[in-house]
Amino acid sequence: MTTPATSPDANNMQSPLILVDGSSYLFRAYHVPYLQALSTADGQPTGAITGVLNMLGSLKKDYPNGNIIAIFDAKGKTFRNDMYPEYKANRPPMPDDLRSQIAPLHEIITAMGLPLLVIPGVEADDVIGTLAKQADELGIETVISTGDKDMAQLVTKHVRLINTMTDVEMDEAGVMEKFGVRPDQIIDYLALMGDKVDNIPGVVKCGPKTAVKWLAEHGTMAEVIANADKVKGKIGENLRDALEQLPLSYKLATIKCDVELAQTAAQLAANEPDIEALTELYQKFELKRLLAGLGKGDSTGSTTTKAGKTSSSAGEQVIEIHAEAVAESQYDIILDKALFTEWLNKLQGCDAFAFDTETTSVDYMKAELVGLSFAIEVGKAAYVPLTHDYTDAPEQLDIDWVLAQLKPLLESTKIKKIGQNLKYDANVLSHYDITLQGIEFDTMIESYCYNSVATRHNMDALALKYLDYKMVKFEDIAGKGAKQLTFNQIDVEKAGHYAAEDADITLRLHKAIFPALAQSPALLSVFNDIEMPLLPVLARMEQTGVLIDSDILAEQSLILGQRLDELEIEAHNLAGKSFNLASPKQLQQILFEELKIPVIKKTPKGAPSTAEDVLQELALDYPLPKVIIENRGLSKLKSTYTDKLPLMVSDKTGRLHTSYHQAVTATGRLSSTDPNLQNIPIRSEQGRKIRQAFIAPKDHKIVAIDYSQIELRIMAHLSADEGLVTAFSEGKDIHRATAAEIFAVELDEVTIDQRRSAKAINFGLIYGMSAFGLAKQLNIGRQQAQEYQDKYFQRYPGVLMYMAETRKKASEQGYVETLYGRRLYLPDINAKNGIRKKAAERAAINAPMQGTAADIIKKAMLAVDAWLLEQNDDRIKMTMQVHDELIFEIHQDIVEQTTKKLVELMNNAVVLNVPLIAEAGIGDNWDEAH
DNA sequence: ACAGGAACTTA
DNA sequence: GTAAGTTCCTGTT
C-alpha cells in the first residue's frame with residue numbers, strides 16, 4: 001500500500017490554476033456582432049477587448065480562489081511552420097481592427113495583476129500544455145478556459161476544460177462522452193480527421209464517426225495504420241493514401257508540453273491590481289462599465305438580462321382559458337412502503353389521476369425507468385424514485401415491487417389517466433410488461449386540438465401559455481451539453497421536486513385546457529374520437545418497427561460513393577479548380593463569378609440561388625450544373641438514407657423504430673422523426689433502391705395500401721361541384737377528365753401533355769394556386785396559365801364558389817375547419833402585409849383538404865387497429881403511415897384475403913359523396929408493394 | 001457548439 | 001402555390 005504525497009483534501013485547499021486561452025477568446029469576441037459595434041470616440045475599436053475582459057470577469061466570479069494566468073499567441077511563425085510550411089497557410093491575415101486591440105488588452109491584463117504569457121516560436125496551446133502538465137504532476141487542480149477542442153488532449157484527473165462562453169465543463173468522462181475517445185486518444189483522433197482550417201492533412205472523408213470507430217477498434221493511430229490493409233471500401237483506400245502523411249499530422253496536432261518557461265506553474269501568481277493604471281486604461285479606452293466597477297470593488301462589471309415575455313396578437317380564440325394560479329405546492333418523495341401505500345390507496349380510490357415517468361433517455365427504445373410521479377389534486381403530487389444510482393443515493397423502494405403494485409392501476413380502464421405525451425410513457429411501460437390503459441387525457445393533444453398553431457405543445461410552452469408559469473428546465477437540474485446528467489444521476493430531492501411538478505402541472509394544464517376544448521363539440525369529437533384513440537395505435541406501430549436489409553443499403557452506399565467520387569472529379573475539372581460541391585456559397589462563386597453564368601433567381605436573402613430548378617435551366621447551356629444536380633441528389637440519398645438508416649436499427653429488436661408525432665403539424669397530419677419514414681425516396685431509380693431495403697420478414701409480404709387522389713376527392717366532396725363529383729363517381733381518371741374539360745376535347749383524345757397540365761392544375765388547386773405559380777410549374781406564360789385557370793373554374797363552378805367561401809370564412813372567423821371539425825387558426829388571414837395575407841389564404845384553402853385527408857386516414861387506422869385487435873393474429877402487423885398510405889407486414893399464407901379486408905376497411909373508413917378508393921400492392925419489399 | 005439557411009427528400 | 005424532416009455549410013457563440 002502506498003501513501004499519496006498529498007491527500008485529496010489538501011488538493012482542494014490549494015487554489016486552482018486557471019489557464020486562459022486568450023487568443024482563442026480574443027478571436028471569438030472579435031466576431032460577436034454586438035461587440036463589434038464598440039469603439040472609443042476617436043474610433044479605436046474595443047469590442048474584442050471588452051469581450052475578453054468580460055470573460056475574465058466571469059471566470060473570476062466562478063473561481064474566486066483561482067490563480068488566473070492569461071496566455072496569448074505571439075507574433076510570427078512557430079515551430080510547426082518549420083515542420084510543415086503549409087500549416088495554417090489558409091488563414092487570412094489578422095484584420096487591423098483586431099490587431100490594434102491586442103496591445104491595449106495586454107496592458108490591461110497586466111495592470112489587473114494577472115500573469116500574462118506571450119511566448120514566441122510556439123502557440124498559446126503549447127504554453128498552456130506545458131503549464132497544465134507541470135500542475136498535473138504536482139496534483140494541482142487545473143482548469144483550462146478555451147473554446148478549442150484540440151485542448152481535450154490535455155485533460156487528466158487534475159486538468160479539465162471549461163468553455164467560458166457556453167459554460168460547459170469537461171473532465172475525462174466528459175471528453176469520452178463528447179468525442180467518444182479518451183483524452184489520450186485525442187491526438188490520434190485529430191490526426192486521422194485532419195483539420196481543414198489549420199490545413200492539417202488527414203484521411204480523406206474520415207470524420208469524427210470514422211475516427212472514433214477505428215480508435216475503438218484499434219486503440220491508437222499507430223495500430224490503425226498497422227491494420228490499414230484490412231479496412232475495406234473507399235475509406236480504406238483513402239486511409240492507405242494518407243499513410244505517409246499521418247505521422248506529420250500527428251506531430252502537428254500534438255500540443256508541446258515542454259516549452260521552456262522562465263517560471264513554473266507553481267511560481268506564477270497574481271499581483272495586486274494596479275488600480276491607478278487600470279483607471280487610466282479604462283478611461284483611455286472608454287470602458288465605462290469596468291471603470292464604474294473599479295469603484296465598487298467589482299472588476300467584473302457583469303450584467304444580467306431579463307427574459308422578455310412576448311404576447312401573441314392575432315387569431316386569439318373566443319374561448320377563454322381559466323387557469324388557477326400556480327401557487328404553493330406540496331410534493332412528497334416516496335422512499336418507504338408506508339407512504340407509498342398511502343398514495344396507492346388514494347390512487348385506487350380516484351376517478352382520474354395525472355402521472356409522469358422519469359427515465360434515462362428521450363429515445364423510447366432505450367429509456368429505462370428511473371421513477372414515477374403522480375398527482376390527484378392540484379398542488380399535491382408525489383414522486384417515487386426507483387433507480388437513482390449516484391454515490392450516496394438514498395435507499396429506494398424495489399422497482400419490481402412498486403411496479404407490481406402499480407400494474408393493476410396503470411392497466412385499469414376504469415381509472416382515467418392524465419398525462420403529457422402519454423405515448424412515450426406507454427412505450428416505456430410496455431418494456432416493463434405494463435400495458436397502459438385508461439388513456440383519456442393527454443394535455444399535449446388537448447392543446448393541439450384546441451389550437452394547433454398557438455404554441456408548441458411541450459409542457460414548458462403549455463405551462464407558460466396556459467398557466468403563465470415558468471417551469472424549471474430539465475437543463476437546469478441536469479446541466480447541458482457533454483456534461484448533462486441522466487435522470488438516475490440526479491439528486492433524489494431535486495429530481496423529486498422536478499418530477500412531482502411535472503405531474504402537478506400536467507393536472508393543472510388539463511384543468512385549464514380541457515374545459516375550453518370541450519366548449520366546441522366538434523373539437524371535442526376530434527379529440528375523443530380520433531386523436532386519443534389513435535395514441536395507443538401509434539404506440540403499437542412504433543413498438544413494432546420496420547425491418548430493413550442493412551446489407552442492401554451498405555452496397556448501395558458503396559455504389560453511390562463511387563459515383564459521387566466520379567462526379568466530384570468531373571465538377572472540379574469543369575470548374576478548373578477544387579471546391580466543395582456541397583457548399584452553395586462556393587458554388588455561387590464559381591458559377592456566377594468565375595464562369596460568369598447569368599443569375600436567374602435569388603435566395604430570400606439575396607444571394608444568387610443555386611437551387612435545383614435554377615440548375616436545371618442552366619444545365620441546358622452549361623455542363624457544370626448537371627453534374628452538381630446529380631451530385632446533390634445522390635449525396636442526399638447516401639448521407640440521409642443508405643449510410644444512416646442501418647445505424648438506427650435497434651439492437652433490442654433488429655428493427656427500425658420511428659417516432660410519430662401527433663401534435664406537430666398545423667393541419668392534423670402526423671410527422672415522423674428519428675428516422676423520418678415519411679420521406680423515403682421513391683421518385684428516382686436510385687431512390688427506389690432504398691425502398692427495396694424495406695423488407696418483409698421470412699414468410700411474410702409487405703402490403704402497401706394507399707388512398708387514390710384522396711385530397712381531390714375531398715375537394716369534390718367539400719365543394720359538391722357537380723362535374724367533379726360525377727367524374728369521381730363514374731370512376732374516371734380525374735386528370736384526364738379535367739384535361740378533357742379544360743381543353744374541350746373528348747376523353748380519349750386527351751394528349752399526354754394535356755393530362756400533365758391538368759394534373760398540375762389539380763394539384764395547384766389543392767395548394768391554393770395562383771396563375772403565377774401555375775405558369776412557373778408548367779413553364780408557360782402567365783396569361784396562358786390564367787386562361788387555364790379561368791377555364792377550369794368555368795367548367796367546375798362549384799369549386800370556385802367553395803374557394804371563395806373558404807377565404808371568406810377564414811377571414812371572418814379566423815380559422816378554417818376540416819370535415820370533422822378540426823380547426824386551423826390563421827393569425828395572418830387579415831394581415832396588412834399582402835404577402836403574409838396571401839400565404840394565409842393559400843393555407844386556408846389547403847388545410848381543409850389536407851386536414852380532412854389526415855382525419856380520414858386516422859379513422860382508417862382506428863378501424864384497422866380495432867379489427868387487428870379482434871383478430872389477435874400476430875401474422876398481421878401495421879408498421880407505417882405515410883399520409884395517404886398504410887404499410888403492413890402480412891404472412892404469405894393469409895396475405896390475399898387479409899389485404900382484401902384491409903382495403904375494405906380503408907374504403908369504408910368514412911362515407912363521402914364520392915367513392916373513397918384505396919389501392920393495394922403486395923411484394924417482398926416496399927418498392928415491390930407499390 | 002449551436003442556430004439558421006439552403007438544399008434535398010416525401011405526400 | 002400546401003404540409004413536413006434531415007443534412008450540410010456557414011457564421012456566430
Side-chain angles (χ1 to χ4, degrees), chain A residues 24-25 27-36 51 55 147-149 163-168 178 196 207 452 480-482 580-588 603-605 607 609-615 628-629 631-641 643-645 658-659 661 664-684 687 690-691 706-707 709-711 760-761 763-777 785 789 824 838-851 853-854 857 881-885:
Chain A
S24 101
Y25 284 114
F27 197 73
R28 288 163 73 187
Y30 173 72
H31 286 100
V32 175
Y34 70 89
L35 292 174
Q36 274 170 342
M55 193 274 307
D148 185 348
K149 66 177 187 319
N163 184 332
T164 305
M165 288 206 167
T166 57
D167 243 13
V168 175
K178 166 81 186 303
K196 284 219 179 79
S452 66
K480 58 178 174 174
N580 183 348
L581 274 71
S583 163
K585 213 180 160 198
Q586 291 180 34
L587 184 61
Q588 276 160 25
T603 64
K605 288 189 71 188
S609 168
T610 63
E612 211 246 12
D613 54 341
V614 174
L615 296 183
I628 300 290
I629 292 169
N631 176 281
R632 278 188 182 161
L634 296 187
S635 63
K636 182 73 183 179
L637 292 185
K638 183 168 186 290
S639 60
T640 311
Y641 305 107
D643 285 352
K644 197 68 191 298
L645 292 177
T658 185
S659 287
H661 301 278
V664 170
T665 72
T667 54
R669 276 188 177 179
L670 299 176
S671 76
S672 154
T673 64
D674 308 301
N676 180 353
L677 294 184
Q678 295 181 319
N679 70 348
I680 302 299
I682 189 168
R683 294 192 185 149
S684 69
I690 293 166
R691 292 207 171 204
D706 69 318
Y707 281 119
Q709 309 294 353
I710 187 165
E711 293 186 5
I761 293 169
F763 272 96
L765 285 162
I766 294 169
Y767 298 151
M769 159 184 79
S770 65
F772 178 78
L774 181 64
K776 222 178 68 180
Q777 180 71 30
Q789 209 179 342
L824 174 63
K838 283 280 174 212
E841 283 183 0
R842 289 194 294 270
I845 298 291
N846 176 256
M849 293 184 266
Q850 191 183 116
I857 195 156
Q881 189 254 40
V882 190
H883 307 310
D884 65 359
E885 174 183 11

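Predicted model only: the values in this text are computed from it and were never measured. Labels below follow one simple rule: chain letters A, B, ... track the order of the sequence lines, proteins then strands, and each chain is numbered from 1. All values below were derived from every heavy atom in this structure, side-chain atoms included, with hydrogens, water molecules and symmetry-related copies excluded.
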Whole Å only: how far is the NE2 atom of A:His883 from the C1' atom of B:dA11?
5 Å
Among C:dC9, C:dG11, C:dG1, which nucleotide sits nearest the side chain of A:Arg842?
C:dG1
When you measure from the side chain of A:Tyr767, which nucleotide among C:dA3, C:dT2, C:dC9 comes out closest?
C:dT2
With the side chain of A:Arg28 defined as its heavy atoms from C-beta on, choose the nearest nucleotide among C:dG5, C:dA3, C:dT13.
C:dT13
Remember a base hit wins even if backbone is also touched, and classify A:Ser770 as base, sugar-phosphate or nothing at under 4.0 Å, heavy atoms.
base
Between the main-chain N or O of A:Met849 and the side-chain N or O of A:Glu711, is there a donor-acceptor pair closer than 3.5 Å?
no
Which part of the nucleic acid, if any, lies within reach of A:Ile682 when heavy atoms closer than 4.0 Å are counted: base, sugar-phosphate only, or nothing?
sugar-phosphate
Is a donor-acceptor pair below 3.5 Å formed from side chain A:Gln850 to base C:dT2, judging by atom type as modelled?
yes
Name the closest nucleotide to the A:Ser639 side chain, picking from C:dT7, C:dA3, B:dT9.
C:dT7
Ignoring backbone atoms, test whether A:Lys585 places a side-chain nitrogen or oxygen under 4.0 Å from the OP1 or OP2 oxygen of C:dG11.
yes
Contact under 4.0 Å: A:Arg632 side-chain N or O vs C:dT7 OP1/OP2
no
Spacing of NZ belonging to A:Lys585 relative to CG belonging to A:Asn580, to within rounding of 0.5 Å:
12.5 Å
Base, sugar-phosphate, or nothing for A:Gly768, non-hydrogen atoms under 4.0 angstrom?
nothing
Report the C-alpha separation of A:His883 and A:Ile857 in whole Å, then their side-chain angles, then the decisive distance to 0.1 Å, and conclude whether the side chain to side chain contact (heavy atoms under 4.5 Å, CB included) test is met.
CA-CA 7 Å; A:His883 307 310; A:Ile857 195 156; over 6 Å; no
Ignoring the backbone of A:Thr665, work out which of C:dA4, C:dC8, C:dG1 is nearest its side chain.
C:dA4
Look at the side-chain N and O atoms of A:Thr667 and state whether any lies under 4.0 Å from the OP1 or OP2 oxygen of C:dA3.
no
Under 4.0 Å, heavy atoms only, any strand: does A:Leu670 hit a base, just the sugar-phosphate, or nothing?
nothing
A:Gln588 has an atom CD; how far is it from atom P of B:dA7, in whole Å?
7 Å
Rounded to the Å, how far apart are A:Gln709 CD and B:dA11 P?
13 Å
What residues form a side-chain hydrogen bond (donor to acceptor under 3.5 Å, both in side chains) with A:Tyr707, not counting sequence neighbours?
none
Just call it for A:Gln586: base, sugar-phosphate, or nothing, with non-hydrogen atoms closer than 4.0 Å on any strand.
sugar-phosphate
With sugar-phosphate meaning primed atoms plus P, OP1 and OP2, does A:Asp674 contact a base, only sugar-phosphate, or nothing at under 4.0 Å between heavy atoms?
sugar-phosphate
Just checking A:Tyr641: base, sugar-phosphate only, or nothing, at a heavy-atom cut-off of under 4.0 Å?
sugar-phosphate
Using only side-chain N and O atoms of A:Asn679, determine if any of them is under 4.0 Å from OP1 or OP2 of B:dA11.
no
I need the A:Leu670 CG to A:Leu677 CG distance, nearest 0.5 Å.
12.0 Å
Atom pair distance, as rounded to whole Å: NE2 in A:His661 and P in C:dG5:
7 Å
Between atom CG in A:Leu615 and atom P in B:dA6, what is the gap in whole Å?
15 Å
Output the distance between atom CD (A:Gln881) and atom CZ (A:Arg669), rounded to the nearest 0.5 Å.
9.0 Å
Need one value for A:Arg669: base, sugar-phosphate or nothing, where a base atom within 4.0 Å counts as base even if backbone is also close, heavy atoms only.
base
Using atom CZ of A:Phe27 as one end and atom P of C:dT13 as the other, report the distance to the nearest whole Å.
14 Å
Kindly say whether, by distance alone, the side chain of A:Lys636 makes a donor-acceptor pair under 3.5 Å with the base of C:dT6?
yes
Checking all strands, does A:Glu711 fall into the base, sugar-phosphate, or nothing category for heavy-atom contacts under 4.0 angstrom?
nothing
What is the nucleic acid contact for A:Thr610, judged by heavy atoms within less than 4.0 Å: base, sugar-phosphate only, or nothing?
sugar-phosphate
Classify the nucleic acid contact of A:Lys644 as base, sugar-phosphate or nothing, counting any heavy atom under 4.0 Å across all strands shown.
sugar-phosphate
Could you walk me through whether A:Ile628 and A:Thr610 satisfy the side chain to side chain contact (heavy atoms under 4.5 Å, CB included) test, starting with their C-alpha distance in whole Å, then the side-chain angles of each, then the deciding distance to 0.1 Å, before giving a yes or no?
CA-CA 10 Å; A:Ile628 300 290; A:Thr610 63; over 6 Å; no
CG of A:Asn676 versus P of C:dT7: gap in Å, rounded?
10 Å
Proximity to the side chain of A:Thr640 - top-ranked nucleotide from C:dT10, C:dT7, B:dT9
C:dT7
Ranking C:dC9, C:dG1, B:dT10 by distance to the side chain of A:Ser583, first place goes to C:dC9
Between P of C:dG5 and CG of A:Leu645, the distance in whole Å:
17 Å
For A:Ala760, which contact category applies under a 4.0 Å heavy-atom criterion: base, sugar-phosphate, or nothing?
base
